[in-house]
Amino acid sequence: MSTANVDAAAAGGVLATLITFSVSLGVIPIGAYFLSLHYLWAENSTYAAITAVVAANIILVCYIVVSLREDRRGRKPQPPEKARPESKKDK
């Protein structure tokens, strides 16, 4: 990867997005586990674990969607090639 691509990626906030989702992936499922364990499922750890897994999967899907949107936004449409006159070689 060239340094121009790295600079463009850093300017676009890719690193900030990665850090945000990484922290979210560590904090939200654990919080969801303990909150649902005490307040939602009445101390049933199996359901609380399922809640944490669902929360982690939602975060992963959101990261994929955001990454695809950033990738599409970062690409510039390629201009069409100019039509060159037909030469004797092309015939």
Derivation and outcome, side-chain contact (heavy atoms from CB on, under 4.5 Å), residues F21 and C62 = CA-CA 9 Å; F21 278 99; C62 290; 3.9 Å; yes
For Y63 and L25, run side-chain contact (heavy atoms from CB on, under 4.5 Å): C-alpha distance rounded to whole Å, both residues' side-chain angles, the deciding distance at 0.1 Å, then the answer.
-> CA-CA 10 Å; Y63 176 70; L25 194 57; over 6 Å; no
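In the hydrophobic clustering of this structure, L18 groups with L60; members are Ile, Leu, Val, Met, Phe, Trp, Tyr whose side-chain heavy atoms approach within less than 4.5 Å, directly or through other members. Hydrophobic clustering keeps V27 apart from I58 (ILVMFWY residues linked when any side-chain heavy atoms are closer than 4.5 Å, directly or through intermediates). I64 and V66 sit in two unconnected hydrophobic clusters of ILVMFWY residues. Membership requires side-chain heavy atoms under 4.5 Å apart, directly or through other members.
The two atoms that bring A55 and I28 nearest to each other are CB-CG2, 4.3 Å, heavy atoms only. In terms of heavy atoms, A52 sits closest to Y33 at CB-CB, 3.9 Å.
Taken to the nearest 0.5 Å, the CG atom of L35 stands 11.5 Å off from the CD1 atom of I30. Distance check, rounded to the nearest 0.5 Å: OG1 of T51 to CZ of F34 gives 13.0 Å. One finds the OG atom of S22 at 9.0 Å from the CG atom of L15 (value rounded to the nearest 0.5 Å). Separation of atoms CD (E43) and OG (S36) is listed at 10.0 Å; rounding is to 0.5 Å.
With P29 as the fixed residue, the side-chain contact (heavy atoms from CB on, under 4.5 Å) test singles out one of V54, I59, N57, V53: I59.
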